[in-house]
Every structure is written in structure tokens, then in C-alpha cells.
There are 2 protein chains.
Amino acid sequence: MTEQARPLRRIEIRQQNETLILQAAEKVFAEAGFGGATMQLIADMAGLPKANLHYYFATKEDLYRRVVQNIFEIWLHAADSMDKAPGPVEGIGAYIDAKMEISRRHPDGSKVWASEVMHGAPVIQDYLETTLRDWTTGRAELIRAWIKAGKMAPVDPEHLLYMLWATTQHYADFGHQIETLNGGKPLTNAQWQAAKDSVKSMILRGIGAV
Amino acid sequence: MTEQARPLRRIEIRQQNETLILQAAEKVFAEAGFGGATMQLIADMAGLPKANLHYYFATKEDLYRRVVQNIFEIWLHAADSMDKAPGPVEGIGAYIDAKMEISRRHPDGSKVWASEVMHGAPVIQDYLETTLRDWTTGRAELIRAWIKAGKMAPVDPEHLLYMLWATTQHYADFGHQIETLNGGKPLTNAQWQAAKDSVKSMILRGIGAV
DNA sequence: TCTTTTCCTGACCGTATGGTCAGGTTAAAC
DNA sequence: GTTTAACCTGACCATACGGTCAGGAAAAGA
């Protein structure tokens with residue numbers, strides 16, 4: 001016998017379906033890219049008729065935009081731990097931890113983000129020019145302060161940030177390659193921990209902060 | 001007056017057109033992804049009628065496969081400099097130089113490769129499992145030998161390689177983001193040199209090889 | 001010169017896709 | 001209980017895409 005569920009309230013319905021669609025969309029966009037993704041595939045994965053997607057999201061591009069924005073939020077919040085740190089060992093160490101955790105928990109989101117930027121950021125360009133640029137200059141200053149205080153070597157802050165982004169996101173974006181080189185098996189808990197430790201020790205030593 | 005050119009020979013025609021098509025395809029696949037690219041767009045960019053593409057390449061997927069294989073070749077040859085080096089400073093330094101140069105000269109190729117891997121390597125999976133795996137284990141052994149000889153710190157060779165790939169390719173795959181953060185302007189010669197130097201110094205110090 | 005082979009392309013085809021819409025169902029408001 | 005507004009969806013449409021093909025042009029070979 002199927003359970004006799006209480007009928008869902010309006011707001012619940014809306015939220016549940018939007019979440020369902022966004023999750024399915026993230027996966028399909030990550031696997032197929034924007035051009036290769038189809039509304040039908042997303043609908044099937046969400047378990048909803050295609051027309052219903054268009055009730056919640058007017059166009060494929062609207063849906064895609066929402067997916068990208070969601071990822072951007074997560075991306076930005078990863079830096080919170082960096083700010084209130086006394087020095088690079090704690091700050092950058094925590095940032096690496098946070099970004100590695102994102103790569104592990106949200107690999108699809110990371111891929112969609114990478115794809116969006118690779119294709120010239122057609123929908124997120126304004127964020128790059130405002131939010132991301134502000135974010136970057138802010139952290140660069142923080143790093144410069146650490147350098148001035150003698151807490152790390154005088155490296156170029158921008159290139160350090162690029163290195164942090166590249167290295168951590170690689171574990172999501174190129175996860176398939178890593179898995180293949182790992183004998184076709186996903187990284188275990190221990191291997192993820194080893195990856196984190198490797199990245200942290202190499203980068204922290206690389207910026208002279210040990 | 002247009003120049004009165006000698007009629008092209010068969011082989012020349014074939015080679016010229018294939019090159020033209022492959023160059024256009026690389027660009028379009030990089031900009032739009034496999035799903036977003038259209039044969040018409042590639043044809044227009046190559047200055048040939050669409051039907052002519054299908055004369056040289058049976059299907060869109062065939063054309064794509066050729067593009068990906070071309071990139072893989074370049075990718076592999078970048079490591080030649082690493083092998084005959086006496087130690088990590090020269091070997092890894094040269095490898096970083098080579099890969100940064102690829103990011104600069106072949107950003108489209110790098111993007112196509114990234115896209116292919118991100119989508120689960122549908123056409124290049126066998127290469128990952130054979131050529132790339134062999135390549136990787138070979139370099140990992142080389143790195144272990146350097147460690148054993150006391151020429152660098154005992155880092156995990158696999159994660160070091162991932163870091164090298166990630167960091168260098170970032171300048172191609174996320175070139176648009178870097179350009180945006182650089183005030184909307186492409187990196188100058190001097191900035192590329194600074195990027196190379198930054199990456200090299202951070203990584204070489206990070207593996208204790210200075 | 002004549003024949004053969006390769007190269008070339010406008011016109012065409014079947015299919016898949018993003019998006020629409022009329023009409024129905026269900027929760028909320030009164 | 002009745003009305004209203006939100007939610008839902010099967011059927012449909014216009015378009016764009018990958019791919020085909022018949023027939024012509026041009027180079028190579030005899």
C-alpha cells in the first residue's frame with residue numbers, strides 16, 4: 001500500500017520542484033554541456049514532464065543561469081574561512097580544505113562553472129567584472145599584508161590565487177581523468193585526505209609559509 | 001586584380017582543406033562545446049560549404065575525434081624536455097615552461113581537451129587508459145628517483161603531476177577569467193613571463209627543489 | 001586527346017529540440 | 001460551498017541540425 005501523504009502546500013510544491021529541477025539540470029549540464037543538454041533529459045532525470053520545466057523556468061537559458069548562479073554562491077562562501085585567519089598557514093590552509101571539499105561534494109557544479117568560463121562566460125560575465133573582481137582584489141590585499149608582515153614569501157598574489165583555484169578545482173573538473181589513473185575507481189576517503197594534505201603541503205611550502 | 005595562382009595539386013588541396021577545417025573546428029568546439037558546435041558554423045569559419053566538410057570528415061564526431069587526438073599529441077610531447085633533465089629544477093622547470101607555452105599558443109586545443117575530459121572522455125577514454133596511464137607512471141617513477149636521490153622533498157608524485165597540469169592549463173582554460181581580472185585585456189608578454197616565473201618558483205619551492 | 005578519379009556543392013530529407021498552449025486539476029481564499 | 005489563482009501536462013509547432021546525394025568541375029593518368 002502506498003503511503004497516504006498529506007497534500008503538499010503551495011510553497012512546498014514550488015520549492016520541491018524547483019530544487020528537483022535545479023539538481024537534475026546541474027547534473028545534465030555538467031555531463032553534456034549547455035549545448036548538449038536537452039530539456040527532455042533534465043525533465044526525465046527530475047521525474048517531471050518537460051512542459052512542467054517551462055512552467056518554472058521560462059527558457060533553457062534561464063534554467064542554466066540559475067544553476068550557474070547557485071554555484072557562484074558556493075564558490076564565494078568558500079573564502080569566509082580565509083578572512084578571519086591570523087596568517088597564511090591557517091587562512092590558505094582552510095581555503096584549500098574548503099575548496100577541496102567543494103570539489104568532492106559538488107563536482108557537477110564545478111564542471112558547469114568551468115564550462116561557463118571556458119566558453120567566455122556568456123551569462124556570468126557581469127559577475128566576473130564586479131563580484132569576482134572585488135573578491136580577488138580584496139584577497140590579494142590580504143595576501144600582501146601577510147607578505148609585508150613577513151608571514152610568507154613575496155609571491156604574486158594573483159598567481160597564487162590562480163594556483164589555488166586551478167589545483168583544487170582540478171579534482172572536480174578532471175575527476176574522470178584522476179579516476180581513470182586511479183585504476184578506474186573513485187578516490188577513497190583516505191585518498192581524498194592524502195590529496196588535501198599533498199596540495200596543502202606543496203602550496204604552503206611553495207609560498208614559504210611553514 | 002586577383003593573383004593568378006597555379007592550380008593546386010591533389011595532395012595540396014587535400015592537406016590544405018583538412019588543415020583549414022581542423023583549425024576552424026578546434027576554435028568552434030572550444031567556444032561552443034561539442035553539443036553547441038554546428039557543422040555550418042565550422043564550415044563558415046573555414047570558408048567552405050558544409051557539404052565539403054562531410055566529404056573530408058564523415059561525421060561531426062569523426063571531426064571532433066581528430067581535433068582531440070591532435071591536442072593529445074601536443075600534450076604528450078611537452079614532456080620530452082622533462083626526461084633528459086638531471087633533476088627536478090631543470091626537468092619540472094622545463095615542463096612548466098613547455099606547458100605554459102602550450103596554454104599560450106593553443107588555448108583552444110586545451111579547452112577542447114578539458115571539455116572532453118570533463119564530459120567523461122567519451123572519445124578518448126582508451127587513450128587515458130593506455131597512453132596516458134603509461135606516461136604518468138613513467139614520470140612518477142622519475143620523480144620518485146629524484147626524491148630518493150635527495151634532489152627534492154618526498155611529495156606524492158601523482159598529486160604533483162595533477163598540480164602541474166592544473167596550474168598550467170588554467171591559464172588556457174580559464175583564460176577568459178584571467179583576462180577579465182586583468183582589466184579585460186589579454187596578458188602581455190611581460191605578464192606571461194611573470195606568470196611562468198611565479199608558477200615555477202612556487203612549485204619548485206613547494207617540492208623543495210631550489 | 002580521352003578517360004578516370006577525385007573534388008566540390010546546392011538542394012534536399014528526417015529527426016530532435018526548445019518552446020507554446022488550451023484545457024484540466026488542485027490548493028488557497030473568502 | 002464557491003470562487004480564485006496557482007499548478008500541471010499531452011499534444012502540437014516551427015526551426016535548426018546532421019547528414020545525403022545527384023550531378024558538375026577539375027586534376028591526374030593513359
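Letters go in sequence order (proteins before strands), and every chain restarts at 1.
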Can you tell me if [X] touches the phosphate of [N], counting only side-chain N or O atoms and a distance under 4.0 Å to OP1 or OP2?
| X | N | answer |
| --- | --- | --- |
| B:Y55 | C:dC8 | no |
| A:R14 | D:dC7 | yes |
| A:N52 | D:dG10 | no |

Whole-Å distance between [N] [atom2] and [X] [atom1]?
| X | N | atom1 | atom2 | result |
| --- | --- | --- | --- | --- |
| A:F57 | D:dT9 | CZ | P | 16 Å |
| A:Q16 | D:dC7 | CD | P | 13 Å |
| B:I42 | D:dC17 | CD1 | C1' | 12 Å |
| B:Q15 | C:dC7 | CD | C1' | 16 Å |
| B:L41 | D:dA16 | CG | P | 13 Å |
| B:I11 | D:dA28 | CD1 | C1' | 11 Å |
| B:E18 | C:dC8 | CD | P | 11 Å |

In terms of the angle between their ring planes, are B:F29 and B:F34 parallel, tilted or perpendicular, with boundaries placed at 30° and 60°?
->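 Correct class here is parallel.
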Contact string for nucleotides 16-21 of chain C, one letter per nucleotide 5' to 3', B = base within protein heavy-atom range under 4.0 Å, S = sugar-phosphate only, - = neither, reads -SBBBB
Set of residues satisfying salt bridge (charged side-chain N to carboxylate O under 4.0 Å, His left out) with respect to A:E61, sequence neighbours excluded |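 By the salt bridge (charged side-chain N to carboxylate O under 4.0 Å, His left out) rule, A:E61 matches A:R65.
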Sequence-distant partners of A:R133, salt bridge (charged side-chain N to carboxylate O under 4.0 Å, His left out), two or more places apart |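 A:R133 satisfies salt bridge (charged side-chain N to carboxylate O under 4.0 Å, His left out) with no other residue.
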Any N or O donor-acceptor pair linking the side chain of B:R10 to the base of D:dA27 at under 3.5 Å?
->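 Such a pair is found, so the answer is yes.
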Please name all residues satisfying ring pair (Phe, Tyr, Trp, His ring centres under 6.0 Å) with A:F57, sequence neighbours left out, ordered by chain then number.
->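 Here no residue qualifies.
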Is it the case that B:E129 and B:Q125 place a side-chain donor and acceptor less than 3.5 Å from each other?
->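 There is such a pair between these side chains.
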Please list all pairs passing the side-chain hydrogen bond (donor to acceptor under 3.5 Å, both in side chains) test where one or both residues lie in residues 42-54 of chain B, with sequence neighbours left out.
->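 Qualifying pairs, neighbours excluded: B:Q40-B:D44.
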Considering non-hydrogen atoms only, spot the tightest contact between B:I147 and B:V155 and give its length.
->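 Scanning both residues, the minimum pair turns out to be CD1-O, 3.4 Å.
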What nucleotide, of D:dT9, C:dC7, C:dT9, holds the atom closest to the side chain of B:Y56?
->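 Ranking D:dT9, C:dC7, C:dT9 by closest atom to the B:Y56 side chain puts C:dC7 first.
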Does any residue of residues 20-30 of chain A have a heavy atom under 4.0 Å from DNA chain C, and if so, which ones, in number order?
->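 Heavy-atom contacts with DNA chain C come from no residue of residues 20-30 of chain A; none.
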Answer yes or no: are there more than 12 heavy-atom neighbours, outside B:K60 itself, under 6.0 Å from its atom NZ?
->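 More than 12 within 6.0 Å, yes.
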Check step by step if salt bridge (Lys or Arg N to Asp or Glu O under 4.0 Å) holds for B:E26 and B:K111.
-> CA-CA 9 Å; B:E26 181 176 291; B:K111 284 175 194 169; over 6 Å; no
